[in-house]
Amino acid sequence: MNSRSGSPGKRLDYNFFRQDVLEVAPALIGKWLTVKYPCDKVSRLVIKEVEAYRGIEDLACHARRGLTPRTEPMFCAGGILYIYLVYGIHWMLNIVTGKQNDPQAVLVRAAGDLYGPGRLTKSLGINSTYNHEDIVGSTRIWIEGPGEKLKMCTGPRIGVEYAGEYWSTINWRFFTK
DNA sequence: TCAGTGATTAGG
DNA sequence: CTAATCACTGAG
């Protein structure tokens, strides 16, 4: 699929990102993840798979242990990025949602024809320098809408078995085929 | 199926 | 300081 198909949308603002993560996560499916490179080339990729991580009570969420240096972005008001390294290799792209001191984020797992959260960031060149980036004001990464209307599917989040039966089986992964 | 990889965290 | 853990991927 052509990453430049469809009409460019309007950049999403704080009103969108500062809603609850369970509103924002499904709403992101079909929207355009937009990245601008130093050479001025722009990539627009339709978001196809995300997961919601919600609050200190969510045992799959990094914020379950409270505020730490790593998780500090999640405690900020929505509209910034939370980037971290997992398994020593892969950068994860998360969009912070909700209000300040209510730690939430959406993990972006697939966009365009890039499937897999680690592959996505590798292909787009997203790394720790994007941590805490304000995607409402940034000149190099943002989200555009209203986007495509796509069939929505849900399922359990991937790779969080450690969180116990309840939190590892709740259907907080949203995707389209 | 499984090793690789290194930041992060809790605990001594 | 140590050691366990980890929101994954690609090779076999």
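Within every chain, numbering begins at 1; the chains are lettered A, B, ... in the order of the sequence lines, protein sequences first and strands thereafter.
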Any salt bridge (charged side-chain N to carboxylate O under 4.0 Å, His left out) pairs touching [range], not counting sequence neighbours?
| range | value |
| --- | --- |
| residues 116-125 of chain A | none |
| residues 56-69 of chain A | A/Asp58-A/Arg157 |
| residues 168-177 of chain A | A/Glu49-A/Arg173 |

For nucleotides 5-12 of chain C, tabulate all protein N/O to nucleotide N/O atom pairs closer than 3.5 Å, reporting atom names and distance.
| from | atom 1 | to | atom 2 | distance (Å) |
| --- | --- | --- | --- | --- |
| C/dA7 | OP1 | A/His62 | NE2 | 2.5 |
| C/dA7 | OP2 | A/Tyr162 | OH | 2.6 |
| C/dA7 | N9 | A/Tyr84 | OH | 3.1 |
| C/dA7 | N7 | A/Ala60 | O | 3.4 |
| C/dA7 | N7 | A/His62 | NE2 | 3.0 |
| C/dA7 | N1 | A/Asn94 | OD1 | 2.5 |
| C/dA7 | N3 | A/Tyr84 | OH | 3.2 |
| C/dC8 | OP1 | A/Arg109 | NH1 | 3.1 |
| C/dC8 | O2 | A/His90 | NE2 | 2.9 |
| C/dT9 | OP1 | A/Gly116 | O | 3.4 |
| C/dT9 | OP1 | A/Pro117 | N | 3.0 |
| C/dT9 | OP1 | A/Gly118 | N | 2.8 |
| C/dT9 | OP1 | A/Arg119 | N | 3.3 |
| C/dT9 | O4' | A/His90 | NE2 | 3.2 |
| C/dG10 | OP2 | A/Arg119 | NE | 2.7 |
| C/dG10 | OP2 | A/Arg119 | NH2 | 3.0 |

Nt span of DNA chain B in reach of chain A heavy atoms at under 4.0 Å, 5' end first, is B/dG4 to B/dA10

Please output the side-chain donor-acceptor pairs of residues 87-108 of chain A that fall under 3.5 Å, not counting sequence neighbours, one pair per line with the distance.
| from | atom 1 | to | atom 2 | distance (Å) |
| --- | --- | --- | --- | --- |
| A/Asn94 | ND2 | A/Tyr82 | O | 3.3 |
| A/Thr97 | OG1 | A/Gln104 | OE1 | 2.9 |
| A/Gln104 | OE1 | A/Val21 | N | 2.9 |
| A/Gln104 | NE2 | A/Asp20 | OD2 | 3.3 |

Near DNA chain C, counting only heavy atoms under 4.0 Å, which residues of residues 163-177 of chain A show up?
none

Go through the structure and list residues passing side chain to side chain donor-acceptor pair (under 3.5 Å) with A/Ser168, not counting sequence neighbours.
none

With sequence neighbours excluded, residues passing side chain to side chain donor-acceptor pair (under 3.5 Å) with A/Asn171:
none

Would you say A/Asp134 and A/Tyr14 make side-chain contact, with heavy atoms under 4.5 Å?
yes

Which ring-ring contact (aromatic ring centres under 6.0 Å, His included) pairs, counting each pair once, include a residue from residues 156-177 of chain A, with sequence neighbours left out?
A/Trp167-A/Trp172

Can you tell me how far the [atom1] atom of [X] sits from the [atom2] atom of [Y], to the nearest 0.5 Å?
| X | Y | atom1 | atom2 | result |
| --- | --- | --- | --- | --- |
| A/Ser43 | A/Ile141 | OG | CD1 | 10.5 Å |
| A/Asn131 | A/Leu85 | CG | CG | 11.5 Å |
| A/Leu59 | A/Tyr53 | CG | OH | 12.5 Å |

Stem regions touching DNA chain C, defined by at least 3 consecutive Watson-Crick or wobble G-U pairs below 3.5 angstrom
B:1-4 with C:8-11, B:6-11 with C:1-6

What residues, two or more places apart in sequence or in another chain, satisfy salt bridge (charged side-chain N to carboxylate O under 4.0 Å, His left out) together with A/Arg140?
A/Glu133

